[in-house]
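Input: a single structure, listed below in structure tokens.
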Amino acid sequence: MWKSLGPLRLSQWEKEVLELWRHEKTFEASLARRQGAPTFTFYEGPPSANGKPGIHHVFARTLKDLVCRYKTMRGYFVPRRAGWDTHGLPVELAVEKELGIRKSDIGTRISIADYNRACREAVMRYKNAWNELTERMGYWIDLSNPYITFESSYIESVWWLLKGLYEKGLLYKDYTIQPYSPAAGTALSQHELNLPGAYRSVEDPSITVQFRSQRDPQLYFLAWTTTPWTLPSNAALAVHPELDYAEIETFQPYTREPIRVVLAEGAISRYFSHEELPFTAEAIDRRTGKLPWRLIRRIKGRNIVNERYEPLFRYVEPKGDAWRIIPADFVTLEEGTGIVHIAPTFGADDLKAARKHGIPPILVQDDQGTLTPLVDKEGRFVPHVTDFAGRYVKNYTNDPDYKPVDEDIAQNLRQRGLLFRKEVYRHNYPHCWRTDKPVLYYPVEAWFIRTSALREKLVALNRTIEWYPPAIGEGRFGNWLEHVEDWNLSRSRFWGIPLPIWRTRDGKYERCIGSFAELQEAVEEARHKGLMPHNPLDRPDFDPHRPYVDEIILAAPDGSPMYREPDVIDVWFDSGAMPYAQQHYPFENQGVFWAQFPADFIAEGIDQTRGWFYTLHAIAVALFDTVAYRRVLVNGLVLDKEGNKMSKRLGNVIEPEELMEKYGADPTRWYLVSNAPPWENVRFDESRLAEKVRTFFGTLHNAYEFFALYARIDGYRPQPLPPLESLPPIDQWVLSETEKLTAEVTSAYESYFPTQAARLIEEFVIEKLSNWYIRLNRRRFWKGEKDADKWAAFTILRDVLGRVAQLMAPIAPFYSELLWRHLNFSDSVHLSDFPQENPALRRPDLEAAMDKVRRLASLLHSLRKRSGLRVRQPLPQALVPASYRSWLEPLSDLLLQELNLKAITYLDDHSEAVVYELRPNYRTLGPRLGARVSALASYLRQLSQKEILNAIHQGFIQWEGETFPLSDLEIRAQALAGWLHASEGELTVALDTRLSSELEAEGWARELIHCIQLSRKEAGLEVTDRISLSVFLPDPYRSALQKYEPLIAQETLATQIAWYDAPPSEPNTVFLDTVPLHIDISLAYEHT
RNA sequence: GGGCCUGUAGCUCAGGUGGUUAGAGCGCUACACUGAUAAUGUAGAGGUCCGUGGUUCGAAUCCACGCAGGCCCA
């Protein structure tokens, strides 16, 4: 019992604890114990195991784990099931890279079946690393039976959800302009554009071009663009109807020909010099390139609408009324000319405006007869764009010799006198998060979820979710929901859940399938109609992935074949479907599902706001008219200590495994939790983690070792707490503080603020338990008598340490477990019930009094320091105002002992020594007196001590004809005249430093004891070893110390003391005051 | 350009509902303590509480406008 653990080796102990948990199946037991109890449902957001886990995962998982552990200890049944997110672009791109293929090779150089097989294998590549980390960090979750998004049952549930949406009319097909990555060969979701780092500052050519008016060949409309490659697709120009435009006379900057141009009046200064400058072609400002000009007329935007112009390029004849000016509200003066070039095939706003005003997109027919835009899906101009056919619009192939086609277009326009200005423009532009290439806005056919129709419900139900912190729910997430657009579900990829929608070629018939059984039946029908040779669903191991599902042809009501829509769905839908699909709802587990839906709690990083938080919410609202989670704790990013994002590129990534190996999982968890509130970014500083080990874990461990050392020596056995009244005040105090801590920590956990819990525990352990309770009670543990007082001290210390173990268990599951078990409490701290505050043990008055005593001790220490008298020298008395007596007297022994004082003297209020100060009570007088309160303050300040004492005795003070009772004032003993004194806040104390010869002698005795202790230590003796002692000390010291011989013997465990009459010949190394002395120590063999 | 968050000592952070002299830990310096000793105590140095206005008797705290940084979106 009370085994010493030796010096702190957390990392090693943690591995032993893991072994213990494995062996004892503690996690399983913690669940089994709560079977039948109320369920606290937690959903694990599935990570993708195709990359290694990082420190930010440890952060999120610590928060998840601690809440689940806490709730378990509070008596809830908290099932926790791991999951894996397995589909999606990251996996596909990694596989492409490995196989050295591009998207266009899939289905040609490699079969889709082989490719998807490779994805399936790749996606679980780091599963072991994840599992190891999960276990090592002490994250308790069921890893043995995870939900996996590629499993058929999971997919079947997703199909069921999709069909639900389809039947509600929430799933539809449309064309829109989507961010599209030619290099990845896929449309990107908004989620993907939202990924950190997607928006980058890049330089593009920005050109201002001249569109020649059809009405007036000398007149040009100036428009500005940063994407010259879209100019061949120009179909219209947009102006703001309410803006003022100007027609002005100027010169073509390259040809110097006089021309007339139209642009917004507010944009003139951007292109033209002051009007006063001479109007000649030579007057071009050399420095700024600005041109001379003359105003011809002003005109409102709405009055230019419907003007027609000549296109810059005429590769295609549009099927409709293109090349005219339309009004649009999004036109601003911020940049450019106030006239906006509209390419409906390459801009979302452009398409919207074009549709509104009947502008046709610029499209051509490809070899298959389908209409396509002027840039193909690889990012190249189609052959119809004769001047630039086959050219990539951006460098999508990493061609080192790539020539920007934008430059050539500008050159082409310049030669034709249509280029007005060319500049370099720096702006933020989205990039494909995997290929690093700029995104193209591209017309794509896609399936959408009509989330915009659910806006109000999404917003209303979100208001019922408890967000930690609330601001994210109201602000970031709430605002997003209020402006939510339809969710583009389609991905033209391979490794994902296939859209279960079949269509005839002409789009006349379509069918959404909601289960395997339904599909099987439909195939059966098609088989009877001769469309399918066999039914693949007849095989029990039917794989619903591509390409197998693509081979299925269904029969339309008119007997024509229906083919599957080729897209797979956005992988975010997979994870958002997790509440249902993990249970294979509704095909199985209906009871379990409803028992665990919605979740009581989820926790993820802030980057999931538009990710998982959204998809969970959207699906639940769309299909179940409810929230998917009731509470969500959001964590911030983990940055490096300079505040930079961790990235492989910067080489500042922290490997969690190394960290836990070096310091342990507990300190890592503790540091992440205690450093800052979860939702703020953590600046990860390894040296602070090391500090946490030393200060908190080190101190706590020292406290345990201290207890264990003496409990072992004395053979202490656990026993019940003695009656409160029998205990000294310091015991009552520490018990009271423990209960207070319990209450406060509980409330911190309850409000999902573990940072506060950790900080409270730290402060208690370091300040209250270690630096005060143990420090002041050391003697009780090692004193000779084994009396009730000693047993009480052991019992209290053990109980308090046990309580600390329980309170910290959710955050630091390992050390708390060790502590708990070594203190011989029950089997596992994690199987214990979370402690509840026992109000019967609370003594708030004592807590407040002790707080003041500690501050007095600190003041007295500073006085000692000022006096130059070391603590070994006893001093006659400390002096305090008499009013302190009520709270100080019961605790005065502590002060006497800590400061080595003989007495505390209470100075009478009438005593001249106490100097009082009066101040207004601002809280009460402030509102009443207003500005006069400061006048009162200065009046009170100049009062004499006599007047103040008078006022105190009378119980009121008069000022400007008004009477103020003492309750309107604050009385402070500010100083103790005539003594060495110190004050802090409302406390004041003085120290009597007069030394009698007796006190001086006692001081010498203490000094000698100190010297002997040093020698003991030097001699390497055990703390329990008895010694025999020989000392040489000259007079008057020796004679003065005679009286203290028993004390010296007792303190140093000397069985006898012999005094040398003359100094031995060996050199002295020890001094008492300044007097050399000599000490010889030898081990005493006869024990007393 | 918009939304949200953050800004307090060299560093990491506390500072309900406005209240008197703004705190802690770490780090630094010095001294002390020594039956927890790779621990502990005391003291010192270190602050334009991001800025500017406003409300108020009184603002780190409330309001407005800025500035800087972060995240997200245009």
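Residue numbering restarts at 1 for every chain, and letters A, B, ... go by the order of the sequence lines.
Rounded to whole angstrom, the span from the CD atom of E763(A) across to the P atom of A24(B) amounts to 12 Å. Spacing between atom CD of E482(A) and atom P of C4(B) amounts to 11 Å, rounded to whole angstrom units. Atom pair L860(A):CG and G41(B):P shows a separation of 17 Å (rounding to whole Å applied). We find that CG of L863(A) is positioned 15 Å from C1' of A32(B), with the value rounded to whole Å. One can place CD of E762(A) at 13 Å from P of C13(B), the figure rounded to the nearest angstrom. Look at OH on Y671(A): it is 18 Å from P on G25(B), rounded to the nearest Å. The distance from atom NE2 of H56(A) to atom C1' of C71(B) is 15 Å, rounded to the nearest whole Å. E604(A) has its CD atom 17 Å from the C1' atom of C72(B), to the nearest Å.
Shown here, G35(B) forms no base pair; nothing in the strands shown gives a Watson-Crick or G-U wobble contact with both key distances under 3.5 Å. Pair check for U12(B) finds A24(B); Watson-Crick or G-U wobble, both atom distances under 3.5 Å. G51(B): Watson-Crick or G-U partner is C65(B), with both key distances under 3.5 Å. If you check C71(B) for Watson-Crick or wobble pairing at under 3.5 angstrom, you find it paired to G3(B). The partner of C57(B) is G19(B), by the rule that a Watson-Crick or G-U pair needs both atom distances under 3.5 Å. Under the Watson-Crick and G-U wobble criteria, each requiring two contacts below 3.5 Å, nucleotide A43(B) is paired to U29(B).
Between F707(A) and Y704(A), the ring-plane angle classifies as tilted under the 30° and 60° cut-offs. Ring geometry for W467(A) versus F477(A): interplanar angle of 30 to 60°, hence tilted. A parallel orientation is assigned to the rings of F696(A) and W670(A), their planes being inclined by less than 30° (bins at 30° and 60°).
Between I606(A) and Y773(A), the residue anchored closer to the 5' end of RNA chain B is Y773(A), taking for each the nucleotide with the nearest heavy atom. Map H861(A) and F706(A) each onto its nearest nucleotide of RNA chain B; the residue landing nearer the 5' end is F706(A).
Side-chain atoms of T451(A) come within 3.5 Å of backbone atoms of E485(A) as a donor-acceptor pair (strictly under, hydrogens ignored).
Rounded to the nearest Å, the gap between the P atom of U37(B) and that of C5(B) is 49 Å. A32(B) and A68(B) are spaced 45 Å apart, taking the C1' atom of each and rounding to whole Å. To the nearest whole angstrom, the two P atoms, one in C49(B) and one in C11(B), are 16 Å apart. Of the P atoms belonging to C13(B) and C50(B), the separation is 15 Å, rounded to the nearest Å. On the P atoms, A43(B) is 13 Å away from G23(B), given to the nearest whole Å. Distance check on atom P: G2(B) versus A64(B) gives 15 Å, rounded to whole Å. G35(B) sits 44 Å from U48(B) when the P atoms are compared, rounded to a whole Å. Of the C1' atoms belonging to G15(B) and G25(B), the separation is 15 Å, rounded to the nearest Å.
In this structure, T755(A) and A676(A) approach most closely via the heavy-atom pair OG1-O, 3.3 Å. In plain terms, the two heavy atoms of L5(A) and E705(A) that are nearest each other are N-OE2, 2.7 Å.
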Exercise for review: Test I55(A) against T668(A) for side-chain contact (heavy atoms from CB on, under 4.5 Å), laying out the working first.
Suggested key: CA-CA 9 Å; I55(A) 185 73; T668(A) 307; 4.2 Å; yes
Exercise for review: Take K790(A) and Y710(A) through the side-chain contact (heavy atoms from CB on, under 4.5 Å) test and state the conclusion after the steps.
Suggested key: CA-CA 10 Å; K790(A) 178 176 233 179; Y710(A) 296 109; over 6 Å; no
Point to revise | Step-by-step side-chain contact (heavy atoms from CB on, under 4.5 Å) determination, V804(A) to F764(A) | key: CA-CA 9 Å; V804(A) 169; F764(A) 175 83; 3.8 Å; yes
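Considering only the side chain of N479(A), C4(B) comes nearest among C26(B), A43(B), C4(B). For S858(A), counting side-chain heavy atoms from C-beta on, the closest listed nucleotide (G19(B), U42(B), C26(B)) is U42(B). Proximity note for N702(A) (side chain, C-beta onward) versus C71(B), A36(B), C26(B): the nearest is A36(B). When each of U40(B), U12(B), A36(B) is scored by its nearest atom to the side-chain atoms of R778(A), the top-ranked nucleotide is A36(B). Picking from G25(B), G19(B), G41(B) the nucleotide with the shortest atom distance to the side chain of R775(A) gives G41(B).
Side chain S770(A) to base A36(B): a donor-acceptor pair is found below 3.5 Å.
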Write out a two-atom table: protein N or O, nucleotide N or O from nucleotides 14-17 of chain B, distance below 3.5 Å.
residue: A14(B); atom: O5'; partner: R759(A); partner atom: NH1; Å: 3.3

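In terms of phosphate contacts, R476(A) brings no side-chain nitrogen or oxygen within less than 4.0 Å of OP1 or OP2 of G70(B).
If you check every strand for non-hydrogen atoms under 4.0 Å, I774(A) touches a base. Within 4.0 Å of R872(A), counting heavy atoms only, lie sugar-phosphate atoms of the nucleic acid but no base atom.
With a 4.5 Å cut-off on side-chain heavy atoms, R694(A) and L8(A) do not count as touching.
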